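What follows is one structure encoded as structure tokens, with my remarks underneath.
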Amino acid sequence: MRKDSILIIGANGQIGSVLTTKLQKIYGESQVVATDIKVPKYKQAIFEILDITDQNRLLHIVQKYNITQIYHLAAILSAKGESDPLWAWNVNMQGLMNILEVARSKNLDKIFFPSSIAIFGADTPKTRTPQQTITNPSTVYGISKLAGEKWCQYYHEKYDLDIRSIRYPGIIGHESMPGGGTTDYAVDIYHKAVQKLPFTCFLKSDTKLPMLYMDDAIRATTELMEAPSESIKIRTSYNISGMSFSPAEVAKSIQQHLPDFKINYKPDYRQTIADTWTNSINDNEAKKDWNWKPAYDLQKMTTVMIQELSKKYSTTNNKELINN
Ligand code: NAD
Ligand code: SER
């Protein structure tokens with residue numbers, strides 16, 4: 001029997017860094033190859049530089065480590081992508097196509113590709129958005145994720161590639177900083193609150209978006225990847241839901257712990273992006289097919305975020321260590 005050998009692409013990012021630790025625990029450090037376009041802040045057991053637009057380098061790493069599974073986390077997110085749409089399209093689409101081709105030609109066992117709530121658009125039903133619905137994304141990021149979902153389904157149907165995907169909502173965790181999304185405010189707000197600083201929000205007070213606590217996102221990912229192949233009925237990408245809240249609601253939940261916390265609002269171009277996304281997600285298919293169930297609501301997440309970040313800021317004076 002072949003031993004699983006895992007390749008993580010975009011391993012230094014907000015999700016990749018936490019997922020790498022989790023997969024090292026599951027498979028053992030010697031079985032997990034972390035890669036990114038940049039060197040990591042913390043030493044990894046096995047790390048290689050990989051620009052995912054370079055197919056030859058990807059193939060070299062897959063062969064060097066006898067890779068059997070890929071977790072593809074590298075992408076240019078919604079807000080950052082709008083500053084250079086053609087660059088974002090190239091990284092997001094060429095990167096995915098390189099992985100699909102290497103996975104097909106090398107007969108890899110399983111691939112994970114994260115999609116996003118950014119595939120939805122202004123004419124998508126806003127509340128409890130169903131799995132199958134109008135999409136019509138407005139950002140280059142959303143367009144690339146929607147096209148990516150379709151390519152995943154195509155490679156599954158045409159080549160029997162076992163590729164699995166989740167449409168992550170905005171992800172919030174204390175372990176890492178986000179890298180250029182529209183939902184990033186919901187991480188930054190906790191960092192400001194525990195440092196006793198006021199927070200200026202780039203979204204309006206009542207802009208409600210779907211969100212998910214990092215522990216739930218990582219567990220959803222590993223549960224989806226461990227599910228028997230025959231139970232995975234959706235080969236584009238699964239809706240999953242954790243919680244939904246607006247900036248005013250998360251501020252209120254923080255004020256229950258830190259009553260002096262202050263928020264003000266200065267909406268910018270990211271408001272236009274958020275206005276096209278939905279408020280909440282219907283994840284019945286994920287619940288039915290692989291028993292998805294979130295564990296965190298806003299209140300529970302706020303308690304943990306404040307506890308963990310307070311510890312972090314009290315044990316390091318180096319703000320840059322946390323924020324870079
Ligand atoms: P991130 O921006 O924090 O991390 C992305 C990582 O990819 C970075 O470490 C970056 O250095 C790396 N990268 C960028 N260009 C690269 C290239 N050409 N080659 C190799 N690596 C490159 O993003 P994240 O929040 O960790 O997101 C991970 C995945 O999850 C992405 O596909 C993203 O679209 C998806 N997602 C994230 C969220 C969220 O809220 N964080 C929500 C929905 C979907
Ligand atoms: N959190 C992501 C973003 O805001 C959604 O994919 O870009």
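In this chain, residues are counted from 1 in sequence order. All ligand and atom numbering here is 1-based and tracks the order in the structure. Please read these numbers as outputs of a predicted model, since none were measured by experiment.
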Review point. Quick one: does H72 get an N or O within less than 3.5 Å of an N or O on ligand 1?
Key: no
Practice item. Measure A11 to ligand 1 on non-hydrogen atoms and call it side chain, backbone, both or neither using the 4.0 Å cut-off. Key: neither
Point to revise | Any N/O pair Y168/ligand 2 closer than 3.5 Å | key: no
Point to revise | Geometric N/O contact D36 with ligand 1, under 3.5 angstrom | key: yes
Study note, to complete from the structure: Under 4.0 Å from one or more heavy atoms of D51, ligand 1 contributes atoms 17 (C), 18 (N), 19 (N)
**Study point:** Any side-chain heavy-atom pair of K64 and E48 under 4.5 Å
**Key:** yes
Check your understanding: Does any N or O atom in G10 lie less than 3.5 angstrom from one in ligand 1, N or O only?
Key -> no
Ignoring hydrogens and angles, write down the donor-acceptor pairs under 3.5 Å from the side chains of residues 250-262, residues two or more places apart or on other chains.
| unit_1 | atom_1 | unit_2 | atom_2 | d |
| --- | --- | --- | --- | --- |
| S253 | OG | V250 | O | 3.0 |
| S253 | OG | T302 | OG1 | 2.8 |
| Q255 | NE2 | F261 | O | 2.9 |

Review point. Is the Y159 ring parallel, tilted or perpendicular to the Y154 ring (thresholds 30°, 60°)?
Key: perpendicular
Check your understanding: Is it the case that S280 and S244 place a side-chain donor and acceptor less than 3.5 Å from each other?
Key -> no
Exercise for review: Please determine if S115 has a nitrogen or oxygen closer than 3.5 Å to a nitrogen or oxygen of ligand 1.
Suggested key: no
Point to revise | Candidate list F112, Y168, W290, test ring-ring contact (aromatic ring centres under 6.0 Å, His included), partner Y238, passing option | key: W290
Check your understanding: Donor-acceptor pair, R167 side chain versus Q131 backbone, under 3.5 Å?
Key -> yes
Review point. Counting only N and O atoms by type, is there a donor-acceptor contact under 3.5 Å from the side chain of R128 to the main-chain atoms of N282?
Key: no
Check your understanding: Is there any N or O on P178 that sits under 3.5 Å from an N or O of ligand 1?
Key -> no
Point to revise | Any donor-acceptor pair under 3.5 Å from T20 side chain to A34 backbone | key: no
Revision key, fill the gap. For atom 23 (O) of ligand 1, the closest protein heavy atom turns out to be L77 CD1, 3.4 Å
**Study point:** Residue, atom name and distance, where the atom is the protein heavy atom closest to atom 1 (N) of ligand 2
**Key:** T183 OG1, 2.6 Å
Review point. I171 to ligand 1: N or O pair under 3.5 Å?
Key: yes
Review point. How close do D123 and T135 get, heavy atom to heavy atom, and via which atoms?
Key: OD1-O, 4.3 Å
Practice item. Could you list which atoms of ligand 1 come closer than 4.0 Å to a heavy atom of L50? Key: 19 (N), 20 (C)
Review point. Do you know which two heavy atoms are closest between W89 and A147, and how far apart they sit?
Key: CH2-CB, 4.3 Å
**Study point:** Numbered atoms and elements of ligand 2 in range of G181, under 4.0 angstrom, heavy atoms
**Key:** 3 (C), 4 (O), 7 (O)
Check your understanding: Do any nitrogen or oxygen atoms of Y141 come within less than 3.5 Å of a nitrogen or oxygen of ligand 1?
Key -> yes
Point to revise | ligand 1 N/O within reach of I9 N/O, cut-off under 3.5 Å | key: no
Practice item. Please confirm whether the backbone N or O of Q271 pairs with a side-chain atom of K204, one donor and one acceptor, at under 3.5 Å? Key: no
Review point. Of all the heavy atoms in P169, does at least one lie under 4.0 Å from an atom in ligand 1?
Key: yes
Exercise for review: Could you list the atoms of ligand 2 found under 4.0 angstrom from a heavy atom of S78?
Suggested key: 3 (C), 4 (O), 7 (O)
Review point. Can you tell me if G170 has a non-hydrogen atom under 4.0 Å from ligand 1?
Key: yes
Review point. Using 4.0 Å as the upper bound for N to carboxylate O, is an ion pair formed by D162 and R235?
Key: yes
Point to revise | Enumerated ligand 2 atoms positioned under 4.0 Å from heavy atoms of S116 | key: 5 (C), 6 (O)
Exercise for review: Specify the protein heavy atom at minimum distance from atom 4 (O) of ligand 2: its residue, its atom name, and the distance to 0.1 Å.
Suggested key: T182 N, 2.6 Å
Study note, to complete from the structure: ligand 1 to K38, heavy atom cutoff 4.0 Å, flagged ligand atoms 11 (O)
**Study point:** ligand 2 atoms in contact with L77 (distance to a heavy atom under 4.0 Å)
**Key:** 2 (C), 7 (O)
Check your understanding: Can you find a non-hydrogen atom of K145 under 4.0 Å from ligand 1?
Key -> yes
Point to revise | Protein heavy-atom partner closest to atom 25 (O) of ligand 1 - residue, atom, separation in Å | key: Q14 OE1, 3.3 Å
Review point. Looking only at distance, does W277 have an N or O less than 3.5 Å from an N or O of ligand 2?
Key: no
Practice item. Could you verify whether a donor N or O on one side chain and an acceptor N or O on the other, from T68 and S5, lie under 3.5 Å apart? Key: no
Study note, to complete from the structure: Residues passing the side chain to side chain donor-acceptor pair (under 3.5 Å) test with K43, sequence neighbours excluded, are none
